[in-house]
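One structure is given below, encoded as structure tokens.
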Amino acid sequence: FSGVARIPCVVHVVWKTPAQNISQAQIDSQLDVLNHDFRATNADLGIVPAPFGGLVADARIEFFLATEDPNGNPTSGITRTQTTRTSFGTDDGVKSSASGGIDPWPTDRYLNIWVCQLGGGLLGYAQFPGGPAETDGVVVLHSGFGTNGTAAAPFNLGRTTTHEIGHYLNLFHIWGDDGTGCSGTDEVADTPNQGGPNFGVPTFPKLSCSNGPNGDLFVNYMDYTDDRGMVMFTHDQVARMEACLDTVRGSLPV
Ligand code: ARG
Ligand code: ZN
Ligand code: CA
């Protein structure tokens with residue numbers, strides 16, 4: 001695509017307790033975060049250490065709640081489903097009505113975002129491009145979604161959804177998913193080689209894999225820091241997401 005890709009989203013709220021049936025305001029707050037993070041207009045970009053400043057990139061992707069449902073009727077872009085399930089896991093159960101969740105809307109036309117209770121400390125998970133249509137999309141813990149309502153620190157700035165959509169658009173974890181080793185790669189040229197995930201909010205410089213003097217790009221959305229510590233994509237990460245939207249997910253942008 002050239003210019004800005006606009007992606008229609010449907011948010012599937014799957015709830016057992018009334019609190020899990022998150023508000024419209026909480027959903028809107030998440031869309032706001034996405035539309036800043038993927039345009040590099042987020043207010044907290046200033047925490048990027050100066051030596052990394054040139055890596056910050058505008059992904060030129062915008063997100064909106066769908067206004068037309070799969071049958072062509074007007075919609076809020078939000079579905080609400082009551083479930084008897086206390087929590088869901090990474091087995092895609094939330095993505096099917098047969099297992100207490102709700103089926104996706106056509107995954108070639110909508111980014112499906114399920115929001116629910118997750119077990120085991122899981123914040124979210126995503127399906128990479130090229131997987132089965134029945135389970136395509138991202139899943140996010142309700143208390144890691146948006147910036148108000150049930151959103152809880154330190155995951156209350158909407159960055160879990162930014163991170164999961166990064167995966168959905170073909171980004172790997174910045175440390176290369178090889179544990180703490182130095183041989184894994186995220187297939188992105190302009191990110192420093194990094195040993196393992198970073199947590200909390202590290203102090204610059206955080207060295208690993210002989211990547212001094214500047215060290216790990218721990219302010220990246222594809223690391224594992226707290227929400228307030230992840231604030232940017234790089235140019236080459238943007239190129240990967242753009243390639244995905246030009247090919248495998250080419251039917252998505254409107
Ligand atoms: N654990 C999740 C994943 O690997 C998401 C981590 C998001 N981190 C955050 N600070 N919000 O996909
Ligand atoms: Zn991840
Ligand atoms: Ca590594």
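Read the numbers this way: they start at 1 and go in the same order the structure lists the ligands and their atoms.
Counting heavy-atom neighbours within 6.0 Å of R109 CZ, excluding the residue itself, gives a total above 12.
Cation-pi check for R6 over F63 is not met; the charged atom does not lie both under 6.0 angstrom from the ring centroid and within 45 degrees of its normal. Stacking of R240 on the aromatic ring of F233 is not recorded, the 6.0 Å distance cut-off and the 45° axial limit not both being met.
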Step by step, work out the side-chain hydrogen bond (donor to acceptor under 3.5 Å, both in side chains) result for H173 and D186. CA-CA 6 Å; H173 290 134; D186 60 0; over 6 Å; no
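Contacts of ligand 1 (protein heavy-atom distance under 4.0 Å) are L123, G124, F155, R159, T160, H163, E164, H167, H173, Y224, T225, D226, D227, M230.
Vertex the Zn ion (ligand 2); arms to H173 NE2 and H167 NE2; angle rounded to 10 degrees, 100°.
Classification of the Y224-F199 ring pair by plane angle, with boundaries at 30° and 60°, yields tilted. Note on ring orientation: taking the six-membered ring where Trp is involved, the planes of F218 and F204 are tilted (angle from 30° to 60°).
Counting only distance, with no hydrogens or angles, the side chain of H235 and the backbone of G54 share a donor-acceptor pair below 3.5 Å.
Near-neighbour remark for the Ca ion (ligand 3): protein N, O or S atoms under 3.0 Å are W175 O, D178 OD1, G181 O, Q194 O, G195 O; waters not counted.
Of the charged side-chain nitrogens involved, none lies within less than 4.0 Å of a carboxylate oxygen, so that D223 and R159 do not count as a salt-bridged pair.
Applying the side-chain hydrogen bond (donor to acceptor under 3.5 Å, both in side chains) test to D178 and every residue at least two apart in sequence or in another chain returns nothing. Applying the disulfide bond (SG atoms under 2.5 Å apart) criterion to C209, with sequence neighbours excluded, gives C182.
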